[in-house]
Peer 1: 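Before anything else, here's the structure in question.
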Amino acid sequence: MYMKFIGRVHIFGDNVLCDLMISGKHIMKNTSMKELIPFLMEDIDKGFAQLYKPGDIIVAGENFGCGSTRAHAVLVMKEAGVKCVVAKYFSRGFFRNGINEGITLVESNWDGIENKDIVEVDTEEGVLSVKAKGLSFTISPLPDIMKNILIEDGLINYYNKNGSIKLKNNSPRLNADE
Amino acid sequence: MKNMRKCICKDNWQNVKVRGILMSIAKTIAEKIFSIKADKPLIAGDIVVTNIDYGMTHDVNAASVIEMFNMINLPEVREPEKFSVFLDHLSPSPTTDIANMHKNIIEFAKKHNIKYFMPGRGVCHQIALENVSILPGQIAIGTDSHTCTYGCLNSLAMSVGASEMAVAFASSECWFRVPETIRVELTGKLIPPASAKDVTLELLGRLGESGAAYKCIEFGGTGLSSLSLDSKAVLANMSTEMGAKTAVMEPDEILVGYLASKGIFQPQLVYPDPEAKYCKIINVDLGKVRPMVAIPPHIDNVMPVCELEEIHVNQVVIGSCTNGRMEDFENAANILRGQRAAPGVKLIIVPASSEIYLGLITRGYLEIFINAGALVNPPGCGPCAGALGGLAADGDVVVATTNRCLKGRMGSKFAKIYIASPETAAYSAVSGKLSCEKNVGECI
């Protein structure tokens, strides 16, 4: 999924550690990601997993997902129904994991947006907005390869469809028509 | 040919219009390595899909990698000789669940002819350096945030996620955005007891924990060759704590000598071009670096050890992929020789590999550590990632040569972890207080 999202906001602050999204004690268990959904973010925001509904949108501060690059955080989010996360910016390890698992990650300023607001993310128009508050922010387009991965809902699906991840026209430039 | 490009920073990389003819644009090491791999000129901001030369996963993420791999249509590992699987973070297996997971991982590796390293062999990153799994100018990926350690071999090594490792298994390919580069210009020479870890803590203080976000940190300068390969590995390893995508060192005689000792001659070394563009240049006079410590819970909240108020410690950990090498243990052993850990201090030693463990024995360091009252873990990650090997209790104050001090990292959420060098850790074990000299209060 890539183009448009509408959802209820859950706010997080700056420097949210990937290590704390699924805490270490769960890494020790050999369980499925689905079974870990109730523990998502418990070390950061205890009630989050109970409040979160599929399609809700996490809106976070700077450096979201810093620390380890554990697969669990993003995989459990995916199972929980997270399709889009907005942050002022992402830690690069989390960014890669998110895109490759098919979660649309949007880097943008979002000052004024609050918990429980209904936010709209339109990656085609390049707009992040909360209509009820008259808030609107411009969001930059992602490079083609990331867009394509998201459209196919993750790298594995993208690879299965194309048999390769090499860019179609082999252009290294950001957008094929540049 | 005139340099047609401008410094590209993260803020405007998506809006760069200057392309022109890029044939002899001056390049950083990262831009050059990607350009050589892709066989076309690339600069920071460009997206590239390229074959990788080495890939690895370990027992925290391998199960997810395997699950993803099995979702690929008719999955086959195309070039198994490029990959390695390690059982190091959750080793030796502390529960039956983990033992069963290890068994599954080994079965997968055997089935696909991938090299696997058993529990006790050591940490993935150290073994890669010992085996020279990656050469200068090559590209490595790993499902671990400290994969950047291999930058000390003049290569580009980056952390990736489970699904991309799975796709890399099947295709040997991975996508990258060529990073901008921060240049760290080293001059002078370290004055003991200051060591490489203190240099990284100094850098963390200057850059902050996201100051190098998405970037490559390139180390060079006249002071680089005063650092051993073990010391260079520390600098490369800790770069991820500054948010860096990767880190790379300019080559020098020490690297060439090390490669020759492993039977590798005339490596394809990669130097930056003299007019390469950097987002930032940081100058570090190694002679001015003092023993430093990171105050929990933030790795970038650093200060010189001797400016601290008195802090009693009750656990000291010397080891891990950051500081578990021979040079680190040599320096620790020189401080601990004939000494005992202060009453109430748990001293934990974690050699980064079985080769290093053997070295501790032959050099007599193991005897020094055990006589000092140390608990010596088998080679592996030990308590660094909070899995096993001596976790911290509520209220514990830990001095560790590891790499992270977030709450709960090494056990209890109510323990405090101070990150420091092996020298500082060893002194602290003896005095029972966070210190850089035998007599608390003395400082360089």
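To find a chain, count down the sequence lines: A is the first, B the second, and so on, and within it residues start at 1. Everything numeric here is computed off the predicted structure, so don't read it as measured data. Every heavy atom of this structure was used, including side-chain atoms; hydrogens, water molecules and symmetry mates were not.
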Peer 1: If you count the non-hydrogen atoms of other residues, nucleotides and ligands that lie under 6.0 Å from NZ in K161(A), is the total more than 12?
Peer 2: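 Not more than 12 within 6.0 Å, no.
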Peer 1: I need the minimum non-hydrogen distance between K166(A) and N51(B), along with the two atoms involved.
Peer 2: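 Residues K166(A) and N51(B), closest heavy atoms: NZ-OD1, 3.7 Å.
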Peer 1: Find the distance between NZ (K245(B)) and CZ (R96(A)) and round it off to the nearest 0.5 Å.
Peer 2: 5.5 Å
Peer 1: With rounding to the nearest 0.5 angstrom, report the OG to CG distance, S163(B) to N100(A).
Peer 2: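 Those atoms lie 4.5 Å apart.
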Peer 1: What part of A170(B) lies closer than 4.5 angstrom to a heavy atom of chain A: side chain, backbone, both or neither?
Peer 2: both
Peer 1: Between P75(B) and chain A, which part of the residue has a heavy atom less than 4.5 Å away: side chain, backbone, both or neither?
Peer 2: neither
Peer 1: State, without any angle test, whether E62(A) and S210(B) hold a side-chain donor-acceptor pair at a distance under 3.5 Å.
Peer 2: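 S210(B) and E62(A) do not have a side-chain donor-acceptor pair below 3.5 Å.
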Peer 1: Highest number of heavy-atom pairs under 4.5 Å with chain A: which of G386(B), A385(B), S171(B), S159(B)?
Peer 2: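 Of G386(B), A385(B), S171(B), S159(B), S159(B) has the most heavy-atom pairs under 4.5 Å with chain A.
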Peer 1: What residues form a side-chain hydrogen bond (donor to acceptor under 3.5 Å, both in side chains) with R70(A), not counting sequence neighbours?
Peer 2: none
Peer 1: Highest number of heavy-atom pairs under 4.5 Å with chain B: which of N157(A), I149(A), I156(A), N63(A)?
Peer 2: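 Highest number of pairs under 4.5 Å: I156(A).
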Peer 1: How many angstroms lie between atom CG of N97(A) and atom CD of E164(B), to the nearest 0.5 angstrom?
Peer 2: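 Here the rounded value is 6.5 Å.
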Peer 1: Charged N to carboxylate O below 4.0 Å: is that the case for K407(B) and D43(A)?
Peer 2: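 Judged by the 4.0 Å cut-off on N to carboxylate O distance, K407(B) and D43(A) do not form a salt bridge.
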Peer 1: Can you tell which of E67(B), M101(B), K413(B) has the highest number of heavy-atom pairs within less than 4.5 Å of chain A?
Peer 2: M101(B)
Peer 1: Nearest 0.5 angstrom please: D19(A) CG to R409(B) CZ, how far?
Peer 2: 6.0 Å
Peer 1: Is a donor on one side and an acceptor on the other found under 3.5 Å between the side chain of Y159(A) and the backbone of A166(B)?
Peer 2: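 No, the answer is negative, given that no donor and acceptor are paired below the 3.5 Å cut-off.
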Peer 1: In terms of heavy-atom contacts, does CG of D39(B) have more than 12 from other residues, nucleotides or ligands at under 6.0 Å?
Peer 2: no
Peer 1: Does any heavy atom of chain B fall under 4.5 Å from the side chain of N160(A), the backbone, both, or neither of them?
Peer 2: both
Peer 1: How many angstroms lie between atom CH2 of W175(B) and atom CD1 of I165(A), to the nearest 0.5 angstrom?
Peer 2: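 Reported to 0.5 Å precision, the distance equals 9.0 Å.
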Peer 1: Assess the residue pair R177(B) and R92(A) against the criterion (side chain to side chain contact (heavy atoms under 4.5 Å, CB included)); give the C-alpha distance rounded to whole Å, side-chain angles, the decisive distance to 0.1 Å, and a yes or no.
Peer 2: CA-CA 11 Å; R177(B) 186 179 74 83; R92(A) 90 140 295 259; over 6 Å; no
Peer 1: Please determine, among N104(B), V167(B), V60(B), the option with the most heavy-atom pairs under 4.5 Å with chain A.
Peer 2: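 Greatest number of close heavy-atom pairs with chain A: V167(B).
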Peer 1: Could you pull out the closest heavy-atom pair between A213(B) and Y89(A), with the gap in Å?
Peer 2: CB-CE1, 4.4 Å
Peer 1: Considering only heavy atoms, which portion of V160(B) lies under 4.5 Å from any heavy atom of chain A: side chain, backbone, both, or neither?
Peer 2: both
Peer 1: Should the heavy atoms of other residues, nucleotides or ligands under 6.0 Å from CD of E107(B) be counted, would the total exceed 12?
Peer 2: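 Yes, CD of E107(B) has more than 12 neighbouring heavy atoms, counting only those of other groups under 6.0 Å.
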Peer 1: If you count heavy-atom pairs within less than 4.5 Å of chain A, which of E241(B), E173(B), H298(B), H146(B) leads?
Peer 2: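 Max contact count across the listed options: E173(B).
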Peer 1: Picking from G98(A), C18(A), C66(A), G67(A), which has the most non-hydrogen pairs under 4.5 angstrom with chain B?
Peer 2: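 Greatest number of close heavy-atom pairs with chain B: G67(A).
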Peer 1: Need one label for F94(A): side chain, backbone, both or neither, based on atoms under 4.5 Å from any heavy atom in chain B.
Peer 2: neither
Peer 1: Tell me, please, which residues at least two apart from A71(A) pass side chain to side chain contact (heavy atoms under 4.5 Å, CB included).
Peer 2: L75(A), N61(B), S64(B), A162(B)
Peer 1: Where on I72(B) is there a heavy atom nearer than 4.5 Å to chain A: the side chain, the backbone, both, or neither?
Peer 2: both
Peer 1: What part of F176(B) lies closer than 4.5 angstrom to a heavy atom of chain A: side chain, backbone, both or neither?
Peer 2: both
